[in-house]
Number of protein chains: 2
Amino acid sequence: MAPTALSGTVNGTTFHKSRAPEPATEETGESIRLAARSAIFTGQTSGSAPTYVQANLIAMPARYAPDFRLLCQRNPVPCPLLAESEQVGGWDALKSHIPGVAGKQIADNVDLRHDFPRYMVYENGILTKSQCLSAETEWTGEHVGFLIGCSFSFESALAAAGLVPAHMAHRRNVPMYRTSLPLCPAGVFRNSSYVVSMRLYQPQDIERIRDITRPYVATHGEPIDWGWDAVARLGIKDITRPEFGDSPVRSDGSPLSVEASTETGDVVPVFWGCGVTPQEAVRQAALEGTVLGHAPGHMIVLDLRDWDILPERLS
Amino acid sequence: MAPTALSGTVNGTTFHKSRAPEPATEETGESIRLAARSAIFTGQTSGSAPTYVQANLIAMPARYAPDFRLLCQRNPVPCPLLAESEQVGGWDALKSHIPGVAGKQIADNVDLRHDFPRYMVYENGILTKSQCLSAETEWTGEHVGFLIGCSFSFESALAAAGLVPAHMAHRRNVPMYRTSLPLCPAGVFRNSSYVVSMRLYQPQDIERIRDITRPYVATHGEPIDWGWDAVARLGIKDITRPEFGDSPVRSDGSPLSVEASTETGDVVPVFWGCGVTPQEAVRQAALEGTVLGHAPGHMIVLDLRDWDILPERLS
């Protein structure tokens, strides 16, 4: 994507494209998409094509689309809506939900049925297929695909500040957890709750981490909770056994020991809203018909760059 | 306000001004504001000037304004931001947060220091004055006033459908409760939780109530929870003793008996996000300096009409 002068708003916050793209790396959003499309790349995408925005998928029958847009509007932290299929049934063009940014700027050469490395399939709210390489068989003329912002977007910023997430350093998937924190219901989407991603950090770094991730309003923004007390507050059953992604490791790659860390207080868990939340909402709403999601951690990588959606400090 | 052709978006949802104003009633937004300004009207405003949009107030030192805007952006259900002071220290002109609607259309002849019937004053997060008739003494050149949507806006719609809220029928203030449901933190605003308003309804009417209030996205929208189980889920201590407003009554005006109603199941509580939430956030954040709020239930009544902010069905 060539540098262009862009400005607009994300969730009501004005942003300006204020940085020129970095020198090209080998990986771009399009190169990762093409590799996923041809099933050459089938892995998780944390750290892939740094500074290219990544996104979560949820695709559902069009009759649920109005309620789903409202769910995102009412719950923008776990469900920041970036784009959707340009038309019902469409998979090769996007309609942007980022004012001032066109669908083609989000991703031009795109195929929502293939460009995620792996997919999940739900039938009547029940997971029936997992880790599929394509969703071509299931995608019908009635499906609308939605792209939701992903916290991988701010990991580059954390890394640049010397706060490399441990899972990223060790090329693992981020741990993700079901919680008891309810979403605001919207139409058919009720009895839903947040999914969160977790990164371990030293307590003295929390405020800096909040400051660094705060401006990423289109990709979950600052943490929703942190500290060992937050585990119980969020209703997380066992932090060493996430429902999605890989188990948490410390910065030296060793497994997290809750007993040791709560005793020494050397690291604490920090939780962010997670774009797997819509898949949980679909499951909890037991939507009739076929719903498609990405496999957690296996994102689409867009043409959009981090700075295209980074608002200036709110003022 | 003369009928004009308006369209725009509220929290990302497109709306069109699709209805002409009703025939003028005796009360208008301006007439209520002028009566409050001169301290002739000092009561609560549920049912005042029907179809004129009402709003909550929170006014704070300008240094907290960016974090507060972000708090609203991350928590649009309890904190739907409609407008703010046109400039720091300003009280007689509004900057709109409703795209396509100008500040002057929200309220033209306005004085944020006097046009609420009653005010609350917080010093360093502690309530120091309550039910004041004016905030003129406390309002400084450093204050920014924010107007937050109010659930009174959809009460006309509920009444028109034969679902008159009992407090409205009996000219009481709506009951409002502190909850344990956390807000997504934003900068200095952390450890905050929702305040909710409550209306009693028959269980068989819940889905209709959800449908009627759903489109009011700028004024809290559909309920966040309902049913007797919701009382414990929200951490409400005693539903017969709200923290704000009047105690709940049944449609015949008799006091709510939890024992009788849980046994017969004739009525259940229905909870909506409430614009008193920002005052709780200020209290919980222990903001330094002077913060002003409206007295719960004592709103400013705007020039804006309900249909100016009612989006068409999301599509």
Side-chain angles (χ1 to χ4, degrees), chain A residues 9-14 62 65-78 80-81 88 97-99 179-191 193-194 206-207 210-211 214-215 217-218 220-227 229-230 233-234 271-273 311-315, chain B residues 9-14 62 65-78 80-81 88 97-99 179-191 193-194 206-207 210-211 214-215 217-218 220-227 229-230 233-234 271-273 311-315:
Chain A
T9 59
V10 177
N11 294 337
T13 300
T14 301
D67 284 350
F68 183 73
R69 292 186 196 102
L70 189 60
L71 184 77
C72 294
Q73 191 173 353
R74 283 166 66 88
N75 301 281
V77 172
L81 184 54
V88 172
H97 281 268
I98 311 172
T179 75
S180 58
L181 184 65
L183 297 186
C184 287
V188 297
F189 297 98
R190 40 188 282 189
N191 302 320
S193 53
Y194 281 58
I206 301 281
E207 287 306 314
R210 296 184 69 210
D211 289 344
R214 184 167 302 130
V217 292
H220 306 300
E222 68 181 273
I224 62 159
D225 210 341
W226 53 89
D229 291 349
R233 267 197 300 274
L234 292 170
F271 298 99
W272 279 266
E312 295 185 333
R313 178 76 183 142
L314 299 164
S315 58
Chain B
T9 59
V10 177
N11 295 337
T13 300
T14 302
D67 283 351
F68 183 74
R69 291 185 196 102
L70 188 59
L71 185 77
C72 294
Q73 191 174 352
R74 283 165 67 87
N75 300 281
V77 172
L81 184 54
V88 173
H97 281 268
I98 311 172
T179 75
S180 57
L181 184 65
L183 296 187
C184 287
V188 297
F189 297 99
R190 39 188 283 189
N191 303 321
S193 54
Y194 280 57
I206 300 280
E207 287 305 315
R210 296 184 70 210
D211 289 344
R214 184 167 301 131
V217 291
H220 307 299
E222 67 181 274
I224 62 159
D225 210 341
W226 53 89
D229 291 348
R233 265 196 301 274
L234 292 170
F271 298 99
W272 279 265
E312 294 185 333
R313 177 76 184 143
L314 299 163
S315 59

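Residue numbers start from 1 in every chain, and the chains themselves are labelled A, B, ... in the order their sequence lines are given, proteins ahead of strands. FYI, side chains are in, hydrogens and waters are out, and symmetry mates aren't considered; it's all heavy atoms of this structure.
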Would you name the heavy atoms of P223(B) and P185(A) that are closest together and state the gap between them?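 Smallest interatomic distance, heavy atoms only, reads O-CG, 3.5 Å.
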So for [X], is it side chain, backbone, both, or neither that comes closer than 4.5 Å to the heavy atoms of chain B?
{"X": "R74(A)", "value": "both"}
{"X": "Y194(A)", "value": "side chain"}
{"X": "R233(A)", "value": "neither"}
{"X": "A186(A)", "value": "both"}
{"X": "W226(A)", "value": "side chain"}

Leading residue by heavy atom contact count with chain B [cutoff under 4.5 Å; candidates A62(A), S180(A), G187(A)]: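 The option with the most such pairs is G187(A).
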To the nearest 0.5 Å, what is the distance between CG on L183(A) and CD1 on I224(B)?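 With rounding to 0.5 Å, CG (L183(A)) is 11.5 Å from CD1 (I224(B)).
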